[in-house]
There are 2 protein chains.
Amino acid sequence: MNIEKAIDKLKEKGYKRTKQRERILEIFSEQDQGYIPAKTILKEIQKDFPGVSYDTIYRNLYLLAEEQVLESTELDGEKHFRFHCDTHGHHHHFICTGCGKTKAVEFCPMDKIAQSLDGYAVDDHKFEIYGKCPGCL
Amino acid sequence: MNIEKAIDKLKEKGYKRTKQRERILEIFSEQDQGYIPAKTILKEIQKDFPGVSYDTIYRNLYLLAEEQVLESTELDGEKHFRFHCDTHGHHHHFICTGCGKTKAVEFCPMDKIAQSLDGYAVDDHKFEIYGKCPGCL
DNA sequence: TATTTAATTGTAATGGTTACGATTAGATAC
DNA sequence: GTATCTAATCGTAACCATTACAATTAAATA
Ligand SMILES: [Mn+2]
Ligand SMILES: [Mn+2]
Ligand SMILES: [Zn+2]
Ligand SMILES: [Zn+2]
């Protein structure tokens, strides 16, 4: 995912191009090594827009996640976001609890268990691995 | 897991047997169909102990999770708990977003990806499936 | 430039969780 | 049973991420 592609996607849906929204996307493209907590986005964007409000941050992060520009997860009770990985197919992540960086894991357990959930309607799933990356060891 | 086994486990570690702690364990044994939010535990225990404090609830839930009497997860930004499943081996759960009931999924994806994380130290992992159970469909 | 509507701001409320000093009550020894 | 020790609880407030909303601003379009 990249900025222009994301903005085009929003434009098609009737969302406007704003400086704040653009800056949020920039932050993600500058540092796409892992999940970023909402708090960090806020602090970073405040350097350019000192009066930015919580509403703006969360509204945009949720919108971008809804539009699949970002993907989100919850770590330590805080919502984290990153650019949606669309270079390869659906996959999951190892998340380093030291530096926050992630490593793709090219395997989805849902393939293996579909038949065992006969009669159940599966809406979503979460598979995450936590630990320390080589750099943090 | 059952109440007496849990209390014995605590006793061995030097923790005391209290009425409040016992009641918490009872609540889990009465309703072990799925994860229960901390809030529900509080409300339930207040019927017997009207003045019970947050501190007591959380301290006990965390202690019991630490001692592997309970297992925990976070759903919708709230911590949920259930008796630790020790009747069979390590497994994961389908969680119904309608009624909260869970269904064991006898498959752990970690077996399949161990070699792909060479050089990484894996501390933990989470695999959960969300959707509607037959009863809620 | 006027109009329309999405977006932002400023600020307060919400709600789950955490913290802590004072008090109570299990457990053990005598 | 009483004294002693320390875990556990209580009462209450603080914390902090998130949510809410009325007033204002700014992007898009004609
Ligand atoms: Mn990825
Ligand atoms: Mn189970
Ligand atoms: Zn998957
Ligand atoms: Zn597992």
Side-chain angles (χ1 to χ4, degrees), chain A residues 3-4 6-27 35-67 69-70 72-81 100, chain B residues 3-4 6-27 35-67 69-70 72-81 100:
Chain A
I3 298 180
E4 284 309 318
I7 289 176
D8 287 351
K9 195 170 191 174
L10 294 179
K11 193 165 199 172
E12 275 173 32
K13 296 274 190 107
Y15 298 110
K16 293 174 180 172
R17 176 175 195 146
T18 68
K19 297 188 196 77
Q20 294 89 338
R21 189 166 280 165
E22 208 161 353
R23 184 73 192 102
I24 288 174
L25 290 168
E26 265 175 38
I27 291 164
Y35 285 99
I36 307 175
K39 194 197 312 171
T40 302
I41 301 294
L42 179 68
K43 276 193 231 159
E44 192 60 31
I45 206 174
Q46 278 179 334
K47 294 176 185 170
D48 295 277
F49 303 90
V52 74
S53 76
Y54 291 113
D55 197 278
T56 297
I57 301 303
Y58 284 106
R59 182 171 22 77
N60 278 301
L61 291 176
Y62 292 163
L63 170 67
L64 292 169
E66 178 76 26
E67 295 300 326
V69 170
L70 301 180
S72 69
T73 191
E74 196 149 342
L75 302 169
D76 297 320
E78 282 182 70
K79 293 184 173 76
H80 288 58
F81 300 85
Chain B
I3 298 181
E4 284 309 318
I7 290 176
D8 286 351
K9 195 169 192 176
L10 294 179
K11 195 165 197 172
E12 276 172 32
K13 297 274 191 107
Y15 297 111
K16 293 174 178 171
R17 177 176 193 144
T18 69
K19 298 187 195 78
Q20 293 88 339
R21 192 166 279 164
E22 208 160 349
R23 183 73 193 103
I24 289 174
L25 290 168
E26 266 175 38
I27 291 165
Y35 285 99
I36 307 176
K39 194 198 311 171
T40 301
I41 302 295
L42 178 68
K43 277 192 232 162
E44 192 61 32
I45 205 173
Q46 278 179 333
K47 295 175 185 170
D48 295 278
F49 303 90
V52 73
S53 76
Y54 292 113
D55 195 277
T56 298
I57 300 304
Y58 284 106
R59 182 170 23 75
N60 278 302
L61 291 175
Y62 291 164
L63 170 67
L64 292 168
E66 178 75 26
E67 296 300 327
V69 170
L70 301 180
S72 68
T73 191
E74 196 150 341
L75 302 169
D76 297 319
E78 281 182 72
K79 292 183 174 75
H80 287 59
F81 300 85

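Only a predicted model underlies this, so the values are computations on that prediction, with no experimental measurement involved.
For B:Tyr15, taking side-chain heavy atoms from C-beta onward, the closest of the listed nucleotides D:dA8, D:dA27, C:dT17 is D:dA8. Proximity note for B:Arg59 (side chain, C-beta onward) versus C:dT8, D:dC10, D:dT9: the nearest is D:dT9. Nearest to the side-chain atoms of A:Lys16 among the listed nucleotides D:dT18, D:dG11, C:dA6 stands C:dA6. The side chain of B:Lys39 approaches C:dG16 more closely than any other nucleotide in the set D:dC10, C:dG16, D:dA17.
As rounded to whole Å, 13 Å separates atom P of C:dG10 from atom CD1 of A:Ile57. Rounded to a whole Å, the NZ atom of A:Lys43 is 13 Å from the C1' atom of D:dA17. Note: CG (A:Asp76) to C1' (C:dT17) measures 13 Å, nearest angstrom. Separating the CD1 atom of B:Ile41 from the P atom of C:dG16 is a distance of 14 Å, rounded to the nearest angstrom. Whole-Å rounding puts the A:Leu75 CG to D:dT18 P distance at 11 Å. If you measure from atom CD of B:Glu78 to atom P of D:dT18, you get 14 Å, rounded to the nearest angstrom. One interatomic measurement links the two molecules: OH of A:Tyr62 to P of C:dT8, which rounds to 15 Å at whole-angstrom precision. At whole-Å resolution of the value, OH in A:Tyr58 and P in D:dT18 are 3 Å apart.
Taking a cutoff of 4.0 Å between a charged side-chain nitrogen and a carboxylate oxygen, B:Lys16 and B:Glu22 do not qualify as a salt bridge.
Along DNA chain C, the nucleotide closest to B:Lys11 and the one closest to A:Gln20 are compared, and the more 5′ of them pairs with A:Gln20. Residue whose closest nucleotide on DNA chain C sits further toward the 5' end, between A:Arg21 and B:Glu74: A:Arg21. Residue order along DNA chain D, read from the 5' end via each residue's closest nucleotide, puts B:Ser53 first among B:Ser53 and A:Tyr54.
Using a 4.0 Å heavy-atom criterion, one finds that A:Arg17 contacts the sugar-phosphate atoms exclusively. At the heavy-atom level, A:Lys19 lies under 4.0 Å from the strands shown only through sugar-phosphate atoms.
For the OP1/OP2 pair of C:dT8 and a distance below 4.0 Å, the side-chain nitrogens and oxygens of A:Thr18 include at least one atom meeting the criterion.
Using a 30° and 60° split on the angle between ring planes, B:Tyr62 and B:Phe81 fall in the tilted class, from 30° to 60°.
Put simply, CD1 on B:Ile3 and CZ on B:Arg23 are 9.0 Å apart, with the number rounded to the nearest 0.5 Å.
Remark: B:Asp8 CG is packed, more than 12 non-hydrogen atoms of other residues, nucleotides or ligands lying under 6.0 Å away. Environment of OH in B:Tyr54: sparse, with no more than 12 heavy atoms of neighbouring residues, nucleotides or ligands closer than 6.0 Å.
Side-chain to base pairing of A:Lys79 with D:dT18: no donor and acceptor N or O lie closer than 3.5 Å to each other.
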